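These numbers were taken from a predicted model, which means no experiment stands behind them. We count residues from 1, following the sequence as given.
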Amino acid sequence: MSLIVQKFGGSSVADAESIKRVARRIVEAREAGNDVVVVVSAMGDTTDELVDLANEVSSVPAPREMDMLLTAGERISMALVAMAVRSLGHDARSFTGSQAGMITDDQHGSARIVDVTPGRLKDAVSEGAIVIVAGFQGFNKDTGDITTLGRGGSDTSAVALAAALEADVCEIYTDVDGVFTADPRVVPLASKIHRITSEEMLELAANGAKVLNIRATEYARRHGVTLHVRSSFTHDEGTIVYNPTEGQQVEEPIITGVAGDLSEAKITVVGVPDVPGKAAQIFTIVANADINIDMIVQNVSHKGESKTDISFTLPKSEGERALDALRASAADIGFAELSYDDQIGKLSVVGAGMRTNSGVSAQLFTALFEAGVNIDMISTSEIRISVILRADQLNDAMRRIHSAFGLDSDIEAVVHAGTGR
Ligand code: ASP
Ligand code: MG
């Protein structure tokens, strides 16, 4: 008998009809002879609505109370799903995050899982029940308080439970058919990826692909959990995200996918004295302001002067804070000025086959040149190349690059319902 963990996102449990559909799906897995543990998100846009409500009653909602409030969303869906499953004639029991043994640190709003002790779930499963768990939430032992894992955290709940229960597979049900070679809303000829390594998935998620939560992907990679990302609206196979074992020979396409990201901005520190210690100074200031930087480029010295420019990218939402921190140390660092550009886009191509194939960057840059795109910054990892370009050129560039690397499918991808919120 296999143990399957199934996770249903908010769009899959948005209303009573959807909940009944999900319940039938769960029962199918059970009747096929599996033990089933289910993780659910809050119905539809419930979490956003609760956040809006909180902001109406308080300009700075207390983090502890925010977690109390938001975890209610998942409790509603877990109970409703359990009722719907029971009405199909199967035993089902719902559990909150703390009842399920999701132990976290005490960071309200972005808690990290420190331990998973699913004793009660195991008991219920061994008694033949289908277990329904509220995603996105946990419990801190020191404070005795309820925590949340951060937006989109139910994926992580599901993966963590799958790891702790040694499940055979963790199925992530969503409103798209799987992981695509690019976002089908931008690249209509994107095709579904059948199998992808967790390493590639991580690079795609970290560079703008939104189908799978990045922390969940990381967790799955670290704990060797196999994921199956699939649609709750069809019975088609989705995308298997797997961890190749040491030495396993895998057929790796050179390019697996193209990702786009419009969430970053670029800061250039102009006229920095070209002497040892300046980069250290700048990035210490930025780090102390708790800002996550992505790419960094230092230019060659200006002719005849010993000055240089240093550029880096960061989330737009942290731009103001970074500028303030740098301005406050202007005299200390001795730069001439700061420039800020929030009209940038990042295009990334990812593929494990890049390791053994040279010429991918030449092919990428040629295709960008042919598309009339000027490249602003470049960064690479073993299996990824990212370029910064103008924001208004990103979508077109993604379609061109997708096509240049032979990823186009013959038919347009179907985009199901879902607000993408
Ligand atoms: N309901 C939470 C959110 O919307 C968690 C999740 O959906 O994964 O962020
Ligand atoms: Mg949600």
Side-chain angles (χ1 to χ4, degrees), residues 51 55 59-61 63 66-67 104-112 147-153 156 202-210 213-219 259-299 307-348 375-381 384-391 394:
V51 169
N55 289 326
S59 54
V60 202
M66 197 65 166
D67 279 356
T104 72
D105 64 14
D106 61 2
Q107 284 304 306
H108 284 294
S110 59
R112 301 201 73 95
T147 54
T148 60
L149 308 180
R151 296 305 307 272
T156 309
L202 204 52
E203 287 277 16
L204 284 175
N207 288 286
K210 288 187 195 69
N213 178 277
I214 178 164
R215 269 179 66 191
T217 314
E218 243 164 354
Y219 205 103
D261 189 353
L262 287 169
S263 69
E264 294 191 349
K266 180 178 81 165
I267 290 179
T268 303
V269 190
V270 181
V272 180
D274 197 3
V275 295
K278 287 297 157 186
Q281 233 180 325
I282 290 171
F283 291 107
T284 302
I285 290 163
V286 172
N288 288 344
D290 245 335
I291 284 155
N292 292 306
I293 53 167
D294 183 16
M295 292 191 199
I296 302 174
V297 168
Q298 176 176 331
N299 293 335
K307 300 263 189 198
T308 185
D309 297 342
I310 296 180
S311 300
F312 60 93
T313 62
L314 75 177
K316 269 181 199 164
S317 54
E318 297 175 2
E320 278 307 320
R321 249 177 341 112
L323 289 170
D324 287 345
L326 287 168
R327 265 186 219 117
S329 308
D332 226 14
I333 307 171
F335 60 80
E337 57 176 313
L338 291 174
S339 79
Y340 184 66
D341 182 357
D342 61 3
Q343 293 304 308
I344 60 166
K346 180 170 68 170
L347 181 150
S348 305
I375 302 170
D376 197 4
M377 294 166 101
I378 302 169
S379 86
T380 61
S381 83
R384 171 186 53 84
I385 306 171
S386 301
V387 297
I388 296 292
L389 36 76
R390 301 315 307 157
L394 179 66

A.B. asks: To the nearest 0.5 Å, what is the distance between NZ on Lys210 and CG on Leu204?
C.D. replies: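 CG of Leu204 is found 12.0 Å from NZ of Lys210.
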
A.B. asks: Which pair of heavy atoms, one from Lys307 and one from Gly334, lies closest together, and at what distance?
C.D. replies: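 Nearest heavy atoms, Lys307 then Gly334: NZ-O, 4.1 Å.
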
A.B. asks: Go through Ile333 and Ile285 one step at a time and tell me if the side chain to side chain contact (heavy atoms under 4.5 Å, CB included) criterion holds.
C.D. replies: CA-CA 10 Å; Ile333 307 171; Ile285 290 163; 3.6 Å; yes

A.B. asks: Spell out, as yes or no, whether a donor-acceptor pair under 3.5 Å connects the side chain of Asn207 to the backbone of Ser348.
C.D. replies: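 No, because the side chain of Asn207 does not come within donor-acceptor range (under 3.5 Å) of the backbone of Ser348.
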
A.B. asks: Could you go step by step and tell me if Ile375 and Leu389 meet the side chain to side chain contact (heavy atoms under 4.5 Å, CB included) rule?
C.D. replies: CA-CA 5 Å; Ile375 302 170; Leu389 36 76; over 6 Å; no

A.B. asks: Identify the two heavy atoms, one from Glu318 and one from Ile291, that lie closest to each other, and give their separation to 0.1 Å.
C.D. replies: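 Taking Glu318 first and Ile291 second, the nearest heavy atoms are OE1-CA, 3.4 Å.
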
A.B. asks: Locate the shortest heavy-atom distance separating Ile388 from Ile344; write the atom from each residue and the value.
C.D. replies: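 Closest approach of Ile388 to Ile344: CG2-CB, 3.8 Å.
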
A.B. asks: How long is the span from the CG atom in Asn288 to the CZ atom in Phe283, to the nearest 0.5 Å?
C.D. replies: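 One gets 13.0 Å once the value is rounded to the nearest 0.5 Å.
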
A.B. asks: With rounding to the nearest 0.5 Å, note down the distance linking CD1 in Ile310 to CD1 in Ile296.
C.D. replies: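 Ile310 atom CD1 to Ile296 atom CD1 measures 8.5 Å (nearest 0.5 Å).
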
A.B. asks: Is it true that Arg215 and Thr217 share a donor-acceptor pair across their side chains at a distance under 3.5 Å?
C.D. replies: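 No, no side-chain donor-acceptor pair sits under 3.5 Å.
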
A.B. asks: Show the numbers, then the answer: is there a side chain to side chain contact (heavy atoms under 4.5 Å, CB included) between His108 and Met66?
C.D. replies: CA-CA 8 Å; His108 284 294; Met66 197 65 166; over 6 Å; no

A.B. asks: Ignoring hydrogens, what is the shortest heavy-atom contact between Leu314 and Ala322? Give both atom names and the distance.
C.D. replies: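 In this case the closest contact between Leu314 and Ala322 is CD1-CB, 3.5 Å.
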
A.B. asks: What pairs of donor and acceptor atoms, side-chain ones from residues 264-276 against any protein atom, are under 3.5 angstrom apart with sequence neighbours left out?
C.D. replies:
from, atom 1, to, atom 2, distance (Å)
Glu264, OE1, Thr313, OG1, 3.2
Lys266, NZ, Asp376, OD1, 3.3
Lys266, NZ, Asp376, OD2, 2.8
Thr268, OG1, Ser311, OG, 2.9
Asp274, OD2, Ser301, OG, 2.3

A.B. asks: To check you understand the geometry: which heavy-atom pair defines the closest contact between Gly152 and Asn213, and what is its length?
C.D. replies: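 Closest pair (atom of Gly152, atom of Asn213, distance): O-ND2, 3.2 Å.
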
A.B. asks: Using only atom types and a distance under 3.5 Å, with no angle test, would you say the side chain of Asn299 pairs donor to acceptor with the backbone of Thr308?
C.D. replies: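 Answer holds: no.
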
A.B. asks: Testing the 3.5 Å rule here: is there a donor-acceptor pair between the side chains of Ser381 and Glu203?
C.D. replies: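 Judged by distance alone, the side chains do pair up.
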
A.B. asks: Heavy atoms, side chains only, cut-off 4.5 Å: are Ser386 and Ser379 in contact?
C.D. replies: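 With C-beta onward as the side chain, the pair touches.
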
A.B. asks: Going from OH on Tyr340 to NZ on Lys316, what distance comes out if it is rounded to the nearest 0.5 angstrom?
C.D. replies: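 Those atoms lie 7.5 Å apart.
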
A.B. asks: Given Arg327 and Asp324, is the salt bridge (charged side-chain N to carboxylate O under 4.0 Å, His left out) satisfied, shown in steps?
C.D. replies: CA-CA 5 Å; Arg327 265 186 219 117; Asp324 287 345; 3.1 Å; yes

A.B. asks: In Å, rounded to the nearest 0.5 Å, how long is the span from CD1 of Ile378 to CE of Met295?
C.D. replies: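 One finds 9.0 Å between CD1 of Ile378 and CE of Met295.
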
A.B. asks: Give, for atom CD of Gln298 and atom CZ of Phe312, the distance between the pair rounded to the nearest 0.5 Å.
C.D. replies: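 Rounded to the nearest 0.5 Å, the CD-CZ separation comes to 13.0 Å.
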
A.B. asks: So, are Lys278 and Asp332 salt-bridged, with charged N and O less than 4.0 Å apart?
C.D. replies: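 So Lys278 does not pair with Asp332 through a salt bridge.
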
A.B. asks: After noting the C-alpha distance and the side-chain angles of Thr147 and Asp106, does the key distance pass the side chain to side chain contact (heavy atoms under 4.5 Å, CB included) rule?
C.D. replies: CA-CA 7 Å; Thr147 54; Asp106 61 2; 5.6 Å; no

A.B. asks: Could you tell me if the side chain of Arg151 sits less than 4.5 Å from the side chain of Val51, heavy atoms only?
C.D. replies: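 Yes; the side chains approach each other to less than 4.5 Å.
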
A.B. asks: Quick check: closest heavy atoms across Asn55 and Pro61, and the distance to 0.1 Å?
C.D. replies: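 Looks like OD1-CG, 3.6 Å.
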
